[in-house]
Amino acid sequence: MNEAQALPRALTIAGSDSGGGAGIQADLKTFTAFGVYGMSAVTAVTAQNTLGVQSAVDLPLEMLEAQVRSVTSDIGVDAVKTGMLSSAAIVERLCDLLEELHLPNLVVDPVMVAKGGHLLLSEEACDIVRRRLLPLATVVTPNLLEAKALTGRNVQSRSDMREAARKLADLGADWVVVKGGHLEDEDAVDIVFDGSGVDELVAPRSATKNTHGTGCTLSAAITAGLAKGRPVREAIRTGKDFVTEAIAGAVSLGHGHGPTNHFVGVTSRW
């Protein structure tokens, strides 16, 4: 095996964030920080910054499929993650592709609910995520609002998070990480369920408003670990550590919620 073939390869299927803090931009930065070769299939193009999303356009289904087929048929994929999928048609087409191509180590970041609680996906699209996408997932990483949207139950405590994790596993995901960043606990606690037992991943909470892209960053870090052949539990724990450091070293850019620092642990060459 030559050096190029030995390089771990990860694919992100998500929306583009023109501000660079989330979406495929955050994913590719995270892959790079982990020494993983990153590829992308763009589902939607957004005009956004630290203040919010001003405009968004979905790419044609044929273009999404062409991107996925292009990179998988030539370069290959060791792990793949999904982020913003935008519409029922996109989710449906993507599930068809994932099943046909047997893409390994799928991490699903169910970008379904905006910070204010507004649904970003229609109920039809949410139903396809439940029925078709989650059963394909090695890991699914919902926040509290997304866990509520997927399970139909309020998720407002650690106990609720544990119950939601079990219900999401019942829908077919191998591993579930329910993120507790929106809880008002002193620490940032995530619940991990592997189908049989529950773990709590606890990290100190940083006093910062610069948390744009944290969900993308965590799921991309887990994907990078799986691409490198790490066991799932190790990939999740390493991802948690990485996003904790990225939040602690977050960058104050713009006038709103700035991005996490994806290169906080990378040696500077500047």
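Each residue takes its place number in the sequence, starting with 1.
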Output, in order, the C-alpha distance, side-chain angles, deciding distance and verdict of side-chain contact (heavy atoms from CB on, under 4.5 Å) for V80 and T223. CA-CA 6 Å; V80 57; T223 306; 5.7 Å; no
Verdict with reasoning, D58 to T43, per side-chain contact (heavy atoms from CB on, under 4.5 Å): CA-CA 6 Å; D58 292 348; T43 60; over 6 Å; no
Passes side-chain contact (heavy atoms from CB on, under 4.5 Å), V77 versus I75? Steps please. CA-CA 7 Å; V77 174; I75 300 170; over 6 Å; no
Let me see the working for D241 and T244 under side chain to side chain donor-acceptor pair (under 3.5 Å), right down to the final yes or no. CA-CA 5 Å; D241 292 341; T244 299; 5.5 Å; no
Just do the side chain to side chain donor-acceptor pair (under 3.5 Å) check on T12 and K81 with the steps written out, would you? CA-CA 5 Å; T12 171; K81 67 151 285 187; 4.9 Å; no
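Considering all non-hydrogen atoms of both residues, N105 and L226 come closest at ND2-O, 3.8 Å. What you find for Q25 and G15 is that their closest heavy atoms are OE1-O, 4.5 Å. Among all heavy-atom pairs drawn from D160 and V155, the shortest one is CB-CA, 3.6 Å. The two residues P142 and A147 have their closest heavy-atom pair at CB-N, 3.8 Å. Taking every heavy atom of both residues into account, S87 and L121 meet most closely at N-CD2, 3.7 Å. Between A165 and V176 the shortest heavy-atom distance is O-CG2, 3.6 Å.
The distance from atom CG of D109 to atom CD1 of I222, rounded to the nearest 0.5 Å, is 9.0 Å. K29 contributes atom NZ, which lies 6.0 Å from atom NE2 of H262 (distance to the nearest 0.5 angstrom). Note that the CG atom of L59 and the OG atom of S86 stand 9.0 Å from one another [nearest 0.5 Å]. Of the inter-residue distances, the one linking T72 atom OG1 with L101 atom CG reads 5.0 Å to the nearest 0.5 angstrom. Interatomic distance, SG of C216 versus CG of D27, reported as 5.5 Å (0.5 Å rounding). Once rounded to the nearest 0.5 Å, the distance linking CD of E65 with CD1 of I90 reads 12.5 Å.
For the pair R237 and D199, the minimum side-chain heavy-atom distance is below 4.5 Å. Contact of the L136 side chain with the R132 side chain is not registered, since no non-hydrogen atoms from C-beta on lie closer than 4.5 Å. Between R153 and E163, the closest side-chain pair of non-hydrogen atoms falls below 4.5 Å. The shortest side-chain heavy-atom distance between L201 and V192 falls under the 4.5 Å cut-off. In this structure the side chain of L51 reaches within 4.5 angstrom of the side chain of H255, judged on heavy atoms. Looking at L94 and L85, their side chains come closer than 4.5 Å, going by heavy atoms from C-beta outward. Residues V140 and W175 have side chains not in contact (no heavy-atom distance under 4.5 Å, counting atoms from C-beta outward). Residues T141 and V139 have side chains in contact (heavy-atom distance under 4.5 Å, counting atoms from C-beta outward).
Looking at Q67, its side chain does come within 3.5 Å of a backbone N or O of V42 through a donor-acceptor pair. In this structure, T46 contributes its side chain and A56 its backbone to no donor-acceptor pair below 3.5 Å. When atom types are taken as modelled, the side chain of K228 and the backbone of F34 share a donor-acceptor pair closer than 3.5 angstrom. In terms of modelled atom types and a separation under 3.5 Å, the side chain of T30 and the main chain of A221 share no donor-acceptor contact. Here the side chain of E99 pairs no donor or acceptor atom with the backbone of D96 at under 3.5 angstrom. Looking only at distances, no side-chain donor or acceptor of D187 sits under 3.5 Å from a matching main-chain atom of V189. S18 contributes a side-chain N or O that, together with a main-chain N or O of Q48, makes up a donor-acceptor pair within less than 3.5 Å. Of the possible polar contacts, one joining the S73 side chain to the S70 backbone as a donor-acceptor pair under 3.5 Å is found. Distance alone, capped at 3.5 Å, is enough to place a donor-acceptor pair between the H257 side chain and the K209 backbone. Of the possible polar contacts, none joining the S16 side chain to the V45 backbone as a donor-acceptor pair under 3.5 Å is found.
Each of I191 and V243 belongs to its own hydrophobic cluster when Ile, Leu, Val, Met, Phe, Trp and Tyr are linked at side-chain heavy-atom distances under 4.5 angstrom. Both I128 and L168 sit in one connected hydrophobic cluster of ILVMFWY residues. Membership requires side-chain heavy atoms under 4.5 Å apart, directly or through other members. Connection of I13 to M39 is established within a shared hydrophobic cluster, with ILVMFWY side chains joined at heavy-atom distances below 4.5 Å, either directly or through further cluster members. Cluster annotation: V198 and L144 are assigned to the same hydrophobic cluster (Ile/Leu/Val/Met/Phe/Trp/Tyr, side-chain heavy-atom contacts under 4.5 Å, transitive). Tracing side-chain contacts under 4.5 Å through hydrophobic residues (I, L, V, M, F, W, Y), one never reaches V111 starting from F31; they form parts of separate clusters.
With no hydrogens or angles considered, no side-chain donor-acceptor pair links T138 and D174 at under 3.5 Å. Side chains of E124 and S122: a donor-acceptor N/O pair is absent below 3.5 angstrom, by distance only. N143 and K179 are not linked by any side-chain donor-acceptor pair at a separation below 3.5 angstrom, with hydrogens and angles left out of the test. Looking at N210 and T260, their side chains never bring a donor and an acceptor atom within 3.5 Å of each other.
The cationic group of R162 does not satisfy the cation-pi geometry with F193, failing either the under 6.0 Å distance to the six-membered ring centre or the 45° limit from the ring axis.
Between D127 and R131 there is a salt bridge, with a side-chain nitrogen of the basic residue lying less than 4.0 Å from a carboxylate oxygen of the acidic one. Contact check on D78 versus R9 returns a salt bridge, with a Lys/Arg side-chain nitrogen under 4.0 Å from an Asp/Glu carboxylate oxygen. A salt bridge between R158 and E200 is present, with a side-chain N of the basic residue lying under 4.0 Å from a carboxylate O of the acidic one. For K240 and E245, the salt-bridge test fails: no basic side-chain N is under 4.0 Å from an acidic carboxylate O. E123 has a carboxylate O that lies under 4.0 Å from a charged side-chain N of R130, or vice versa, which qualifies the two as a salt bridge. Ion pairing of D194 with R233 is present here, as a side-chain N (NZ or NE/NH1/NH2) and a carboxylate O approach within less than 4.0 Å.
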